[in-house]
Participant: 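Have a look at this one.
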Amino acid sequence: MCGIVGYVGHRNALDVVMGGLRRLEYRGYDSGGVALPDPSTGRIAWAKKAGKLANLDGVLAETTMPETTTGIGHTRWATHGAPNDRNAHPHLSEDGRLAVVHNGIIENFAVLRAELEAAGHELLSETDTEVVVHLLSDELQRTPALDDAVRAVCQRLEGAFTLVFTDARQPDVVVGARRNSPLVVGRGDGENFLGSDVSAFIEFTREAVELGQDQVVAITRDSMTVTDFDGAPAETTSYHVDWDVSAAEKGGYDWFMLKEIDEQPQAVAETLLGRYGRSGRLQLDEMRLSDDELRDVDKIIIIACGTASYAGLVAKYAIEHWTRIPCEVELASEFRYRDPIIDRSTLVVAISQSGETMDTLMAIRYARQQRARVLSICNTNGSTIPRESDAVIYTHAGPEVAVASTKGFLSQIVACYLLGLYLAQVRGVKYGDEIDAIMAALEKLPAGIQRMLDEGEQVRKLAAELVDTRSVLFLGRHVGYPVALEGALKLKELAYLHAEGFAAGELKHGPIALIEDGIPVFVVVPPKARDQLQEKIVSNIQEIRARGALTIVLAEDGDDDVVPYADHLIRLPKVPTLLQPLVATVPLQIFACELAGLLGHDVDQPRNLAKSVTVE
Ligand code: F6R
């Protein structure tokens, strides 16, 4: 939430910063702003505007900005203060010398604000951020170097923050600080960058540096200095980004989401790549937990938010079935507030595409305090959640830019399956040939997903037919149940429709009252091999159809039992039961994306949302 860019180098800073903000806009689009230190005036030149970056472009077209090679920028997801021009970042000191941009929440801002106002400062916005620039202004009277002054200010702040500062009297340096919110450094040749994530600078460099918790970084053209908040030198980790700028661009698609839906066969293949060799054994490169530690595990708790939690729900069925270890799935935001029973034998699995979701981060910290071992499943190299975990399985799905997760979801399920099979292998509860058979089925999945993409036209036509609908239901059983939840979530967040997913068995316990004439109901039918479940859901379809529902049935090739009761039939390739979510989700993603587009919504940046929810 909120995207931040900082630059010191030899290029036009405004161009670099605006380019970075465009690639970070998915993190928040309530307002945008830039600040350039102008040594000729000793003041900051700035521009900011509520709304998407296009509005800021409009302002910049009317404004003469200085040609500088240092600058910072911000794209906002509002927390404190309405999303208007006044609350947009950057925020400036009264003398116009300093500017700050911020991602996170300064929890003690009210106390600090009262203190600053009592000392005669005039605060212009309703944000928590603005206090920081006034504190820095006062601190610079005592502590002249920008990085020293920033360290002193950070000592006074509570909450979560990434802060980036520029000073018109020290224009050769940009200083950043982070606690609980993301900030990475990009190392270039005669230039350095700061960004909320690497997409901010991927156009210029793929060499990145992870910053740790409670660290301050000062960048100049040729140097990077990282310390803790007390000024002691801090260790950092450098890494090479394994994707390039084309992956972070639309590549001819109207929406990032369409591109990311289409990338799913590749994303799943990448998650599997190199993990199951000719040796017939699974190898997970960053599985830093020993076989003994994994044999010790007597309970698994999966924690995640939103779509990632639905990946966890799917995984629960497979992990319990393969390993016989009890597995719970819990929303990260609930987990640490309910006094869960965990100990050293509990394996907590955190699933997060971004690796920055605050609820999930706080939950893993809590789990580790309780001595549980934490393994994360993550798509973003260098992000906070994997860094704070005992082990990690990266999904390698490539950058996910659209706010609504698609390839992230599928690759998370695959990574969870790799974990389940790895546990089964280590604990000896599955024979090698059993693991081999499941891996062989997983390896065929990209082709099955590709087929769902190739047959997407049927779903797009359906979306056009249903463009006036106001309510859609989704039913599933077993692993089809989380698929139903995911289908409903996609529709809510993209098309702003009432949509609900149910376990089909629950229908008669309440939700069937929602069925009325013409209401569209998607039903995910388990493979026929699960005869009991398949038969039961066919009865459910008859029940809702008899009450007037328009049934849209997703069933595998050759399942003819459903044909008489399906108003629309979407065929799925025959895959093992546990793998069905990986093909059945795809038409639901296409449906939501298409319907949102037809309704004129911004598919990549739905209202009120942001990717990377870095506040609790
Ligand atoms: C929905 C969606 C969200 C995320 C959730 C967790 O389409 O994208 O529900 O899944 O905010 O995000 P990560 O996986 O980054 O922790």
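Start at 1 and go down the list; that is how both ligands and their atoms are numbered. These values consider heavy atoms only, across backbone and side chains, with no hydrogens, waters or symmetry-generated copies.
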Participant: Can you sort out which atoms of ligand 1 are near Ser352, meaning under 4.0 Å from one of its heavy atoms?
Facilitator: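 Those qualifying, in numeric order: 13 (P), 14 (O), 15 (O), 16 (O).
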
Participant: Please assess Ile377 against Leu375 for the test side-chain contact (heavy atoms from CB on, under 4.5 Å), listing each intermediate value before the final yes or no.
Facilitator: CA-CA 7 Å; Ile377 289 180; Leu375 178 146; 3.9 Å; yes

Participant: Which residues pass the salt bridge (charged side-chain N to carboxylate O under 4.0 Å, His left out) test with Glu210, sequence neighbours left out?
Facilitator: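 With sequence neighbours excluded, Glu210 shows a salt bridge (charged side-chain N to carboxylate O under 4.0 Å, His left out) to Arg387, given in chain and number order.
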
Participant: State the atoms of ligand 1, each with its element, that fall below the 4.0 Å cut-off from a heavy-atom position in Ala404.
Facilitator: 7 (O)

Participant: Of all residues at least two apart in sequence or in a different chain, which pass the salt bridge (charged side-chain N to carboxylate O under 4.0 Å, His left out) check with Glu400?
Facilitator: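 Listed in chain order: Lys611.
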
Participant: Could you check whether Glu388 pairs with Arg365 (Lys NZ or Arg NE/NH1/NH2 to Asp/Glu carboxylate O, under 4.0 Å)?
Facilitator: yes

Participant: Give the atoms of ligand 1, by number and element, whose distance to some non-hydrogen atom of Gln353 is under 4.0 Å.
Facilitator: 13 (P), 14 (O), 15 (O), 16 (O)

Participant: Note the single closest protein heavy atom to atom 15 (O) of ligand 1, along with its residue, its atom name and the distance in Å.
Facilitator: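 That would be Ser354 OG, 2.7 Å.
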
Participant: Which atoms of ligand 1 sit under 4.0 Å from any heavy atom of Gly306?
Facilitator: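 Within the 4.0 Å cut-off of Gly306, ligand 1 contributes 9 (O).
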
Participant: Is Thr360 close to ligand 1, meaning an N/O of one under 3.5 Å from an N/O of the other?
Facilitator: no

Participant: Output the list of atoms in ligand 1 that are nearer than 4.0 Å to some heavy atom of Glu493, sorted by atom number.
Facilitator: 1 (C), 7 (O)

Participant: Pair Ser389, Ser376 - check side chain to side chain donor-acceptor pair (under 3.5 Å), show working.
Facilitator: CA-CA 6 Å; Ser389 303; Ser376 58; 3.1 Å; yes

Participant: For atom 5 (C) of ligand 1, which of the options Ala304, Ser376, Ala308, Cys305 provides the nearest non-hydrogen atom?
Facilitator: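 Going through Ala304, Ser376, Ala308, Cys305 one by one, Cys305 has the nearest heavy atom to atom 5 (C) of ligand 1.
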
Participant: Among protein heavy atoms, which lies nearest atom 11 (O) of ligand 1, and at what distance?
Facilitator: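 Of the protein heavy atoms, Val613 CG2, 4.1 Å lies nearest.
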
Participant: Report, in ascending order of atom number, the atoms of ligand 1 lying under 4.0 Å from any heavy atom of Val403.
Facilitator: 8 (O)

Participant: I'd like to know if Arg179 pairs up with Asp214 as an ion pair, taking the criterion as any Lys NZ or Arg NE/NH1/NH2 lying under 4.0 Å from an Asp or Glu carboxylate oxygen.
Facilitator: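 A salt bridge links Arg179 with Asp214.
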
Participant: Considering only the protein, which heavy-atom contact is closest to atom 2 (C) of ligand 1, and what is its distance?
Facilitator: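 Its nearest protein heavy-atom neighbour is Thr307 OG1, 3.8 Å.
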
Participant: Would you call Glu25 and Arg27 a salt bridge, using N to O less than 4.0 angstrom?
Facilitator: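 Not counted as a salt bridge, because no side-chain N and carboxylate O are separated by less than 4.0 Å.
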
Participant: Picking from Gln412, His396, Gln353, Lys407, what satisfies side chain to side chain donor-acceptor pair (under 3.5 Å) with Asn379?
Facilitator: Gln353

Participant: Do Phe522 and Phe591 pass the ring-ring contact (aromatic ring centres under 6.0 Å, His included) test, and can you show the C-alpha distance, the side-chain angles, and the key distance before you say yes or no?
Facilitator: CA-CA 11 Å; Phe522 284 82; Phe591 180 76; 4.8 Å; yes

Participant: Considering only non-hydrogen protein atoms, determine which one is nearest to atom 12 (O) of ligand 1 and report residue, atom name and distance to 0.1 Å.
Facilitator: Thr357 OG1, 3.5 Å

Participant: For ligand 1, does Lys490 get within less than 4.0 Å through its side chain, its backbone, both, or neither, judged by non-hydrogen atoms?
Facilitator: side chain

